[in-house]
Chemist: 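Here you go, one structure.
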Amino acid sequence: MAEGKVDPVHQFTIEPLFGTDHWSIAGYNIAFTNSALWMAITAIVLLVFVGGGAKRQLVPGRWQMAVEGLTGFVDNLLKSNIGPAGRKYLPYVFSLFTFILFANLLGLLPLALVGLHPFTATSHFTVTGVLAILSFSIVLIVGFAKHGLHFFSLFVPHGTPVLMIPIIFPIELISFMVRPFSLGLRLFVAMMAGHVLLEVLSGFVISGTNAGALTFGIAALPSFLLMIGICALELLVAGIQAYVFALLTCVYLNDAENLH
Amino acid sequence: MPQIAQLATTYASQVFWLLVFFGLIFFVIGRGMVPKVMATVDQRDKQIADDLSAAEAARAAADAEEEAWRVQENKRRAEAQALIATAKAEAASTTQASLDVASGKIEQTVSAAEARIATARDAALTEIEGVAASAAQDIVSRLAGLSVSAEQAQGAVKGVLANG
């Protein structure tokens, strides 16, 4: 990279690692990329975190308290949105929430200081889209398995006048079909925007500092201060986006489970 | 934007590895560990609830015990009061009876004494009459040289005595 030139979207580039370019199944390339590596790291960190807390002690230690707090948080989310029937979705929603949360947070780690480049898997819509389609598929499967064709009454809200049904039905259907897109794109856009913003600001800091004392004062220093604030904001966004994804999945599951 | 520029060449790898690692998380953590963690939490909640209800039951039992004790204590106290009242009444009636007996005895003694006194006085009066009559007889015979019969003297004395 040329000095003072920072490509803000370079961080999202997917690179095959360890010479696995040619790996493929049935003609589909499945190279182990940096994205896959960070998903693996996410899985391992999560495994260590939850595994360390699954000690099953009656009087919990700090670590166990932290894990129980996290599971309890997701359990409450399900309970308040779906009710007691929400317990069976806990494994899925917990996996979803923690995977997104850990992937978001790991992507924000300042590992570039030691020469590593963190990669945020959730900043790719191929990843968030698959998660969104998973959630949407579960909603569809549960909805049709539980209510059969009666599930279509979801698109006719309670108390709709008969005259309005032909208009309301397509509107509700479209808003329902848009759900997987909004779910996947929201997370992808939020993560990408934050990382691009940080990268652009860091570009200002680098070129401003290189261009002399004046530009350091008027461009680099304010950008650096702004970056500190935005880093904090990004940590918040990482949590909020994971929460929003899990919460919306719960809300949609509630539609399928309880149907109005 | 690499997300779009690299879409065609990387989507299969992205989807594949996401499913691998998300599946790992789902099956190992979500289905394997989370239920255990939740079971521990539920068990702890249940134990706390049980302990609380046991404590509540023990408190209720203690309250009932205290109430029973209080009732018994009140009964005992009432019994004791009744016993004291009976004893008091008994003592009072006994005292009254012995007082009655004593006062009867005293009355008897007093009336006997009074009768004795009356008898003595009568006797004394009779004696005085007799003495006065004989004295009057004597005086009359000495002074007037008259011999007066005893009956006359006595009648005179009685008349004087009766007049005061």
Side-chain angles (χ1 to χ4, degrees), chain A residues 9-14 16 20 23-25 27-33 35-37 39-40 42-44 46-47 49-51 53-60 64 67-68 70-72 74-75 87 90-96 98-99 102 121 123-127 129-131 134 188 192, chain B residues 1-70:
Chain A
V9 294
H10 177 73
Q11 56 179 327
F12 305 118
T13 312
I14 294 172
T20 56
W23 282 16
S24 65
I25 292 177
Y28 293 104
N29 181 285
I30 54 151
F32 192 83
T33 60
S35 173
L37 175 69
M39 287 191 256
T42 303
I44 289 164
L46 199 51
L47 210 60
F49 175 65
V50 180
K55 284 201 279 278
R56 321 203 61 176
Q57 280 170 351
L58 199 59
V59 179
Q64 196 181 341
V67 174
E68 282 174 6
L70 193 61
T71 56
V74 179
D75 189 43
R87 235 323 160 62
L90 182 63
Y92 175 68
V93 178
F94 181 82
S95 306
L96 195 64
T98 49
F99 175 75
F102 277 59
S123 66
H124 277 251
F125 59 79
T126 40
V127 170
V130 169
L131 293 175
L134 263 180
F188 146 68
M192 199 191 77
Chain B
M1 205 158 87
Q3 285 96 329
I4 294 168
Q6 293 186 306
L7 183 60
T9 53
T10 61
Y11 79 96
S13 145
Q14 288 278 74
V15 171
F16 175 78
W17 290 111
L18 172 67
L19 290 179
V20 167
F21 292 119
F22 188 72
L24 180 80
I25 289 171
F26 176 69
F27 285 107
V28 175
I29 296 174
R31 314 253 342 218
M33 293 172 173
V34 170
K36 280 184 196 149
V37 173
M38 290 314 286
T40 311
V41 173
D42 288 348
Q43 190 197 339
R44 182 183 311 126
D45 287 353
K46 192 177 158 295
Q47 176 139 16
I48 289 169
D50 286 356
D51 286 357
L52 279 178
S53 64
E56 183 63 39
R59 203 173 62 93
D63 280 356
E65 196 94 343
E66 199 200 336
E67 192 55 42
W69 174 81
R70 201 184 300 279

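The chains referred to below are lettered A, B, ... by the order of the sequence lines, with proteins before strands, and numbering in each begins at 1. Any value given below was found using the heavy atoms of this structure, including those in side chains, with hydrogens, waters and symmetry copies removed.
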Chemist: If you count heavy-atom pairs within less than 4.5 Å of chain A, which of B:Met38, B:Met33, B:Gln47, B:Arg44 leads?
Modeler: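 Winner by heavy-atom pair count: B:Arg44.
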
Chemist: Taking every non-hydrogen pair under 4.5 Å, which of A:Thr98, A:Leu134, A:Val93, A:Leu96 racks up the most with chain B?
Modeler: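 Top count of heavy-atom pairs under 4.5 Å with chain B: A:Leu96.
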
Chemist: Would you mind checking which part of B:Phe26 comes under 4.5 Å of any heavy atom in chain A, side chain (CB onward), backbone (N, CA, C, O), both or neither?
Modeler: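 Looking at B:Phe26, backbone and side chain both touch chain A.
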
Chemist: With a 4.5 Å limit on heavy-atom distance, are the side chains of A:Gln64 and B:Thr40 in contact?
Modeler: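 Answer yes - side chains close enough.
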
Chemist: Please classify the contact between A:Leu90 and chain B as side chain, backbone, both or neither, with a heavy-atom cut-off of under 4.5 Å.
Modeler: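 Side chain only.
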
Chemist: In terms of heavy-atom proximity below 4.5 Å to chain B, should A:Phe188 be classed as side chain, backbone, both, or neither?
Modeler: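 Interface part for A:Phe188: side chain.
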
Chemist: Considering only heavy atoms, which portion of A:Phe94 lies under 4.5 Å from any heavy atom of chain B: side chain, backbone, both, or neither?
Modeler: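 It is the side chain, since no backbone atom gets that close.
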
Chemist: At what distance, to the nearest 0.5 angstrom, does OG of A:Ser95 lie from CZ of B:Phe21?
Modeler: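 Reported to 0.5 Å precision, the distance equals 15.0 Å.
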
Chemist: Less than 4.5 Å to any heavy atom of chain A: does that hold for the side chain of B:Ile25, its backbone, both, or neither?
Modeler: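 Interface part for B:Ile25: both.
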
Chemist: Are the side chains of B:Asp45 and B:Val41 in touch, meaning some heavy atoms are under 4.5 Å apart?
Modeler: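 Of all side-chain heavy-atom pairs linking B:Val41 with B:Asp45, at least one is under 4.5 Å.
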
Chemist: Would you mind reporting whether A:Ile44 and A:Phe49 have side-chain heavy atoms less than 4.5 Å apart?
Modeler: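 They are not in contact (no side-chain heavy atoms under 4.5 Å apart), so the answer is no.
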
Chemist: Heavy-atom distances under 4.5 Å only: say whether B:Asp42 touches chain A with side chain, backbone, both or neither.
Modeler: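 Just its side chain gets close to chain A.
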
